[in-house]
Amino acid sequence: MDGLPVVVVGAGPVGLAAAARLLERGLRPLVLEAGGQAGAAVAQWGHVRLFSRWSELVDPAARELLESGGWTAPAGEDCPTGAEWASRYLAPLADALDGHVRFGARVVGVARRGRDRVVDAGRDSEPLTVHVRTPEGEERITARAVVDASGTWGSPNPLGGDGLPALGEHAAADRIAYRVPDLAAGEERWAGKRVAVAGSGHSALTSLVALADLAERRPGTRVVWLLRRGGVGDIFGGGAADQLPARGALGLRAREAVEAGHVEVVTGFRTAAVEREGERLVLVSQGGWRLDPVDEVVVATGFRPDLTWSSELRLELDSVLQAPARLAPLIDPNAHSCGTVYPHGAAELRHPEPAVYLVGMKSYGRAPTFLALTGYEQVRSVVAEIAGDHEAAAKVELVLPETGVCGGAGLFDAPVEEQSGGCCAPTTVEALPLSAPPAR
């Protein structure tokens with residue numbers, strides 16, 4: 001299979017870094033991107049500013065490839081927006097990989113050549129076949145290995161508190177957004193409205209801060225924050241203790257918005273149904289509590305991997321996170337959330353299916369807190385393994401900036417006073433204005 005390409009699915013930051021690593025090793029990459037540009041998914045949240053600095057967003061092998069063509073890296077301490085990351089780094093990198101990146105090529109299936117999932121024979125000797133749909137039609141590409149860096153952006157989690165869409169959620173799609181609102185592109189949808197934000201991660205905090213700023217400028221704008229957990233806990237993060245200053249500052253700004261009265265916090269609310277009331281929506285909890293009508297809903301409840309096109313591959317995935325089984329214990333948010341992820345690479349990302357790896361955000365399954373640095377080290381190790389350099393693949397070094405706080409086990413359901421530390425102790429939380437469902 002030496003003459004066959006290594007197919008990389010996705011021309012995002014981690015996919016393009018994998019291609020740069022493959023070239024560095026003398027292997028032939030073929031990056032297949034469903035969108036029409038490098039970082040197509042990143043461009044969709046281009047208005048959002050990253051926590052990471054430029055120095056943490058450029059892969060070392062990609063930097064070397066770019067600089068050989070005269071590219072100058074942006075200032076190391078600046079935190080770019082998604083649009084800046086895509087235009088100033090990902091697009092030039094795709095250009096530097098000219099001939100190795102195909103746009104408008106959507107992967108719809110991957111299998112072992114001539115064998116479905118049930119057949120044992122030949123799985124370690126036959127190449128992989130990648131089924132691709134393009135504007136010109138369908139084709140089949142034979143590959144020596146597949147590195148899936150397709151991410152999770154296209155599969156947001158629903159509003160429903162049980163992981164499935166709430167009753168009426170699809171019918172109310174015109175009033176529900178699953179992304180951070182882009183107020184610069186048009187704030188009239190949100191201004192003067194009562195907006196519900198569901199979620200407890202950084203996308204939710206970013207949405208709250210943006211809408212709270214809008215509330216200061218546009219009277220009548222009200223924000224209600226829906227939390228599934230029983231208390232606020234350490235949701236605002238570590239503040240000044242966060243090793244990514246921009247991430248810590250976001251939590252502080254969200255906290256200030258709540259304390260200033262711009263955001264009403266509702267805890268213990270797991271949405272079961274969405275009902276129409278004229279032009280407004282009424283959210284109903286699993287316990288039967290009916291939220292006062294809202295005009296718009298922002299769902300920031302995370303993402304999940306799309307595994308439909310890998311159904312003929314023998315993947316070993318954790319039953320909870322849908323992440324590679326050996327990686328899952330290292331990133332389980334039920335155990336910790338401080339960003340302390342042990343070094344991992346090809347060994348933890350390996351599956352029973354030979355030469356198939358899930359990397360980047362997709363490797364985290366449903367777990368949050370993924371950073372680009374993680375993906376870059378993943379693909380360095382994976383490409384070394386594909387190239388046969390097992391020593392380099394096993395020597396994984398990964399030091400991630402911690403959030404400065406960790407809720408530990410029971411983070412989502414235990415009241416604040418009952419939460420116990422996981423891999424580090426939670427911070428003290430001051431009283432905040434809260435609403436809670438009536439006892440039932």
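The residues of the chain are indexed from 1 along the displayed sequence.
- Side chains of Q286 and R270: a donor-acceptor N/O pair is absent below 3.5 angstrom, by distance only.
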Between R175 and E279, does the salt bridge (Lys or Arg N to Asp or Glu O under 4.0 Å) criterion hold? Intermediate values first, please. CA-CA 9 Å; R175 290 285 186 271; E279 293 298 315; 3.1 Å; yes
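- Residues passing the side-chain hydrogen bond (donor to acceptor under 3.5 Å, both in side chains) test with R102, sequence neighbours excluded: E139.
- A donor-acceptor pair is defined here as one N or O able to donate and one able to accept, closer than 3.5 Å; no such pair exists between the side chain of T267 and the backbone of L227.
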Salt bridge (Lys or Arg N to Asp or Glu O under 4.0 Å), that's the test. Do R117 and E312 meet it? Break it down for me. CA-CA 5 Å; R117 181 172 177 158; E312 292 306 313; over 6 Å; no
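- Checked by atom type and distance alone, the side chain of T152 never pairs as donor or acceptor with a backbone atom of S155 at under 3.5 Å.
- Using a 30° and 60° split on the angle between ring planes, Y364 and H344 fall in the tilted class, from 30° to 60°.
- Nearest approach of A273 to A166, heavy atoms of both residues: N-CB, 3.9 Å.
- R25 CZ: more than 12 foreign heavy atoms inside a 6.0 Å radius.
- Side-chain N or O atoms of D242 include none that pairs as donor or acceptor with a backbone N or O of P245 at under 3.5 Å.
- One finds no salt bridge joining R189 and D295 here, because no Lys/Arg side-chain nitrogen approaches an Asp/Glu carboxylate oxygen to under 4.0 Å.
- With hydrogens and angles ignored, the 3.5 Å screen pairs no side-chain donor or acceptor of R106 with any backbone N or O of G35.
- Salt bridge annotation for E56-R53: present, with a cationic side-chain nitrogen under 4.0 angstrom from a carboxylate oxygen.
- The existence of a salt bridge linking R115 and D120 is excluded, since no basic side-chain nitrogen approaches an acidic carboxylate oxygen closer than 4.0 Å.
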Could you please spell out the steps behind the salt bridge (Lys or Arg N to Asp or Glu O under 4.0 Å) verdict for E377 and R380? CA-CA 5 Å; E377 181 62 6; R380 185 208 59 77; 3.1 Å; yes
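- Looking at P127 and R144, their side chains never come closer than 4.5 Å, going by heavy atoms from C-beta outward.
- Ion pair R350/E316 not flagged as a salt bridge, since none of the NZ, NE, NH1 or NH2 atoms sits closer than 4.0 Å to an Asp/Glu carboxylate oxygen.
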So L32 and V7, side chain to side chain contact (heavy atoms under 4.5 Å, CB included) or not? Walk me through it. CA-CA 7 Å; L32 302 176; V7 167; 3.7 Å; yes
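- Listed by chain and number, the residues in a ring-ring contact (aromatic ring centres under 6.0 Å, His included) with Y357 amount to none (sequence neighbours excluded).
- Between the CG atom of L283 and the CG atom of D292 there is a distance of 10.5 Å, given to the nearest 0.5 Å.
- The backbone N or O of L159 lies less than 3.5 Å from a partner atom in the side chain of E169, making a donor-acceptor pair.
- Of all the heavy atoms in G360 and Q378, the pair that sits closest is N-OE1, 2.8 Å.
- Counting only heavy atoms from C-beta outward, the side chains of R88 and W54 approach each other to under 4.5 Å.
- I331 CD1 to Y342 OH: the interatomic distance, rounded to the nearest 0.5 Å, is 14.0 Å.
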One pair to check against side chain to side chain contact (heavy atoms under 4.5 Å, CB included): F236 and L252. What are the steps and the verdict? CA-CA 7 Å; F236 296 113; L252 293 175; over 6 Å; no
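- Atom CG of D332 sits about 10.5 Å away from atom CG of L327, to the nearest 0.5 Å.
- A distance-only check finds no donor-acceptor pair linking the side chain of H131 to the backbone of R140 [under 3.5 Å].
- Using a 4.5 Å heavy-atom cutoff, the side chains of F269 and R228 are not in contact.
- The shortest side-chain heavy-atom distance between L398 and T374 falls under the 4.5 Å cut-off.
- Counting only heavy atoms from C-beta outward, the side chains of V299 and V297 approach each other to under 4.5 Å.
- Summarising the geometry of L128 relative to L313, their closest heavy-atom pair is CD2-CD2, 4.1 Å, with the distance given to 0.1 Å.
- Counting only residues at least two apart or in different chains, ring pair (Phe, Tyr, Trp, His ring centres under 6.0 Å) contacts with residues 290-317 comprise W153-F303.
- Between the side chain of E33 and the main chain of A11, a donor-acceptor pair closer than 3.5 Å is present.
- Checking H390 against E385 by side-chain atom types alone, a donor-acceptor pair falls below 3.5 Å.
- Under a 4.0 Å N-O distance rule, the pair D124/R112 does not qualify as a salt bridge.
- For the atom pair D78 CG and L50 CG, the distance stands at 12.0 Å (nearest 0.5 Å).
- The minimum heavy-atom distance between A61 and D59, with the atom names listed, is N-OD2, 3.0 Å.
- The CG atom of L211 sits 8.0 Å away from the OG1 atom of T221 when rounded to the nearest 0.5 Å.
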Passes side chain to side chain contact (heavy atoms under 4.5 Å, CB included), V197 versus V223? Steps please. CA-CA 7 Å; V197 177; V223 185; 4.1 Å; yes
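- Of the inter-residue distances, the one linking E353 atom CD with S310 atom OG reads 10.0 Å to the nearest 0.5 angstrom.
- Looking at E275 and R280, no side-chain N of the basic residue comes within less than 4.0 Å of a carboxylate O on the acidic one, giving no salt bridge.
- Counting only heavy atoms from C-beta outward, the side chains of V132 and V130 approach each other to under 4.5 Å.
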Carefully, step by step, assess W45 and V180 under the rule side chain to side chain contact (heavy atoms under 4.5 Å, CB included). CA-CA 8 Å; W45 50 267; V180 175; over 6 Å; no
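- Side-chain contact between P329 and E348: absent, with no pair of heavy atoms (C-beta onward) separated by less than 4.5 Å.
- Nearest heavy atom pair, residue P92 against residue Y89, reads CD-O, 3.3 Å.
- At distances below 3.5 Å, at least one donor-acceptor pair connects side-chain atoms of W225 with backbone N or O atoms of G199.
- For P354 against R123, the heavy-atom pair with the smallest separation is CG-O, 3.3 Å.
- Counting heavy atoms from C-beta on, the side chains of R276 and L281 come closer than 4.5 Å.
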